[in-house]
Every structure is written in structure tokens, then in C-alpha cells.
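Model, not experiment: these values are computed from the prediction.
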Amino acid sequence: MRILIAEDDTHTREALRQVLTREGHTVIATADGAAAMTSFRNDKPDFVCLDIMMPELSGYDVCRAIRRLDERVPVLFLSAKSEEVDRVLGLELGADDFLGKPFGVREFIARIQAIARRAGLLQAQAQAAGVFQMGDLRVTSSELRAHRGTETIAITPRELRVLQVFHERKGRVVDRNTLCDEAWDADYFPNSRALDQCISQLRKKIELDHASPRIIQTVHGAGYRYE
């Protein structure tokens, strides 16, 4: 996601920028409300984090202006002003949540993820990157990679297409002809052993035990199946 941070404290702003960058986000960091509004118009962020007490324009002013331009972009207030009246005012102005200072990094990330999930941003981001889950395996199509925990597995375009075919037909038996038609070019000959070799190599890469596969299972006499 592209996340706009408006925070006048230099140390806090830099710390939040580093945390979000490590999480894989693109961060636009500003030091006052006026700069935040300029960045919002120019950079079109997916998510906004606002301090309340800032020079030029307060976080309340920025939130009010953002809501006149965009009613859907998520806004999270970050502030030492933690009285109920402050929280209520922020929510009434259209903010999605309010996180009082001081706060922990884990809670900060969790709040952003929860808001983004409710707004459908995480799903949209995954779809844009072609990300899909197969058991404990996370496949990122745009990177030609699969991930299991901290392990990264490189896959070929053909192996990706084979995985996509199984994912799209989860729970159903996929016969050899279907795999050949959808994962190979038109000049592929069905009597070739290319499919068997591809499945074997793919299992060695993605299965915890390729001798007893759990993702790509053989259905004898019929084809293969992903449960």
C-alpha cells in the first residue's frame, strides 16, 4: 500500500516510516498538515495516518479536507490526545480508528492491517499482485515465487500456470488433458512425458515431502487434485 504519514515529531515520523517500509509499504512522510494535503492530492495514497497536533493544519483539519475529496480512503489518527471527546471528534470527522500515544509497533501494524482488511485493500493488493494461497504455500504470480514461512521458492512460468489450474479447481480432479491444454502451448503432444516431469519437479519444490505430496495429489487413473 501507499501510506501517507503526517507527523510533526521527526523521530516518531522516521520510526513509523521505517516500520512501514519493512512491512513492504511505500511511505510518504510529511511534517505538517499543509504538506500532508499536498501529498494527498499529488500522491493519492491508499491509507493515511494523521497526528492531530501539527503546524499549518491540524489532523482534524486534514481529515475534514480529505473526506471532502475522498470518502473511502482509510484514515487512522495517531495522537497523545486520548480523551474520549478527542476520539469521538476524530471518528465523527470520518476517521476509521484512533490510536493513542504511546503505542507499540505491533499494535500499530495490526490496526493498519485490520482497517485495510475492512476496506478491502489487502484483497485488492493481493489480486493485483496475483497472490493466492495453497495450504501453507503463498504464491505470488508477479514475482514467479512461492513462500512458505521464511522460505522463498522460485517457480517457472509453466509451474505457475500448473499451480493456478489446481487453485482454480480446488477439490476437483484435473485430468492430464486439461493440464496440457491450459499449461502448455498448442504444439504440446499428449504422449510427451513433459507433464510428468513438470509435476515431479514442482513437487520437489513445493511439497514438504515430495514422496507424500499434500498439495498436488495423484488420483490414480483420473489425474491430479488439490484439496
Side-chain angles (χ1 to χ4, degrees), residues 1-3 19-27 45-47 72 74 105-227:
M1 289 187 297
R2 293 173 61 82
I3 300 180
V19 166
L20 292 172
T21 299
R22 284 199 300 268
E23 291 292 316
H25 302 294
T26 300
V27 180
D46 304 304
F47 197 107
R72 301 183 62 183
V105 169
R106 293 179 63 183
E107 182 181 8
F108 174 59
I109 295 299
R111 292 286 186 103
I112 288 179
Q113 290 178 335
I115 296 168
R117 190 180 302 112
R118 291 198 299 269
L121 290 178
L122 297 184
Q123 181 180 1
Q125 187 178 32
Q127 289 175 345
V131 179
F132 58 93
Q133 198 80 22
M134 299 182 76
D136 63 347
L137 194 73
R138 186 172 183 264
V139 183
T140 305
S141 304
S142 61
E143 297 178 359
L144 287 178
R145 291 174 181 167
H147 304 270
R148 174 180 285 116
T150 58
E151 180 186 10
T152 299
I153 305 163
I155 55 178
T156 67
R158 180 157 292 158
E159 289 168 343
L160 170 64
R161 184 57 194 143
V162 169
L163 290 175
Q164 288 172 330
V165 171
F166 284 122
H167 181 260
E168 291 162 2
R169 294 167 172 79
K170 182 178 180 180
R172 295 157 53 188
V173 175
V174 181
D175 60 46
R176 295 172 63 86
N177 287 337
T178 298
L179 277 173
C180 292
D181 289 343
E182 299 206 21
W184 269 261
D185 298 328
D187 59 356
Y188 171 71
F189 294 99
N191 59 352
S192 166
R193 301 300 295 173
L195 175 59
D196 297 320
Q197 293 170 359
C198 178
I199 294 294
S200 176
Q201 290 300 314
L202 189 52
R203 280 173 167 167
K204 289 177 182 178
K205 290 183 178 183
I206 68 171
E207 299 284 359
L208 291 173
D209 180 2
H210 65 84
S212 301
R214 300 292 300 275
I215 297 176
I216 303 176
Q217 302 176 15
T218 298
V219 181
H220 294 289
Y224 304 93
R225 178 171 53 212
Y226 159 61
E227 291 287 359

Review point. In a check of side chain to side chain contact (heavy atoms under 4.5 Å, CB included) between Met1 and each of Val27, Leu20, Ile112, which one passes?
Key: Ile112
Point to revise | Side-chain touch Glu159/Leu144, heavy atoms, less than 4.5 angstrom | key: no
Point to revise | Shortest non-hydrogen contact from Ala116 toward Phe47 | key: N-CE1, 4.2 Å
Practice item. Under the side-chain contact (heavy atoms from CB on, under 4.5 Å) rule, what do Val139 and Ile206 come out as? Steps first, then yes or no, please. Key: CA-CA 10 Å; Val139 183; Ile206 68 171; over 6 Å; no
Exercise for review: Taking all non-hydrogen atoms of both residues into account, name the closest pair between Val173 and Gly223 and its distance.
Suggested key: CG1-N, 4.2 Å
Check your understanding: Once the angle between the rings of Tyr224 and Phe166 is folded into 0 to 90°, is it parallel (under 30°), tilted (30 to 60°) or perpendicular (over 60°)?
Key -> perpendicular
Point to revise | Nearest-0.5 Å distance that lies between atom OG1 in Thr140 and atom CZ in Arg145 | key: 8.5 Å
Exercise for review: Could you walk me through whether Asp209 and Arg214 pass salt bridge (Lys or Arg N to Asp or Glu O under 4.0 Å), step by step?
Suggested key: CA-CA 8 Å; Asp209 180 2; Arg214 300 292 300 275; over 6 Å; no
Review point. When rounded to the nearest 0.5 angstrom, what distance separates CZ in Arg161 from CG in Leu179?
Key: 9.5 Å
Check your understanding: Taking atom CD1 of Ile215 and atom CG of Leu208, what is their separation to the nearest 0.5 Å?
Key -> 7.0 Å
Exercise for review: Would you please name every residue forming a ring pair (Phe, Tyr, Trp, His ring centres under 6.0 Å) with Phe108, sequence neighbours left out?
Suggested key: Phe103
Exercise for review: Kindly compute the distance separating CZ (Arg203) from CD (Gln217), expressed to the nearest 0.5 Å.
Suggested key: 8.5 Å
Exercise for review: Under the side chain to side chain donor-acceptor pair (under 3.5 Å) rule, collect the residues that match up with Thr178, sequence neighbours excluded.
Suggested key: Asp175
Check your understanding: Checking Glu207 side chain against Ile216 main chain: does a donor-acceptor pair fall under 3.5 Å?
Key -> yes
Review point. Say you draw a straight line from OG1 of Thr21 to CD of Glu23; how long is it, rounded to the nearest 0.5 Å?
Key: 10.0 Å
Practice item. List the steps, then state whether side-chain contact (heavy atoms from CB on, under 4.5 Å) holds for Gln201 with Arg158. Key: CA-CA 11 Å; Gln201 290 300 314; Arg158 180 157 292 158; over 6 Å; no
Check your understanding: If every non-hydrogen atom of His167 is compared with every non-hydrogen atom of Tyr226, which pair is closest and at what distance?
Key -> CA-CD2, 4.2 Å
Review point. With side chains defined as the heavy atoms from C-beta onward, is the minimum distance between Thr218 and Pro213 less than 4.5 Å?
Key: no
Exercise for review: Could you walk me through whether Glu168 and Val174 pass side-chain contact (heavy atoms from CB on, under 4.5 Å), step by step?
Suggested key: CA-CA 10 Å; Glu168 291 162 2; Val174 181; over 6 Å; no
Review point. How would you list, by chain and number, every residue that makes a side chain to side chain donor-acceptor pair (under 3.5 Å) with His147, sequence neighbours excluded?
Key: Thr152
Practice item. Can you measure from CD (Glu227) to NZ (Lys170) and round to the nearest 0.5 angstrom? Key: 8.5 Å
Review point. Does the pair Val19 and Arg22 meet the rule for a side-chain contact (heavy atoms from CB on, under 4.5 Å), with working shown?
Key: CA-CA 5 Å; Val19 166; Arg22 284 199 300 268; 3.6 Å; yes
**Study point:** Minimal non-hydrogen separation, Ile155 against Lys205, with atom names
**Key:** CA-NZ, 4.0 Å
Practice item. Work out which heavy atom in Ser141 is nearest to a heavy atom in Gln164; give both atom names and the distance. Key: OG-NE2, 3.5 Å
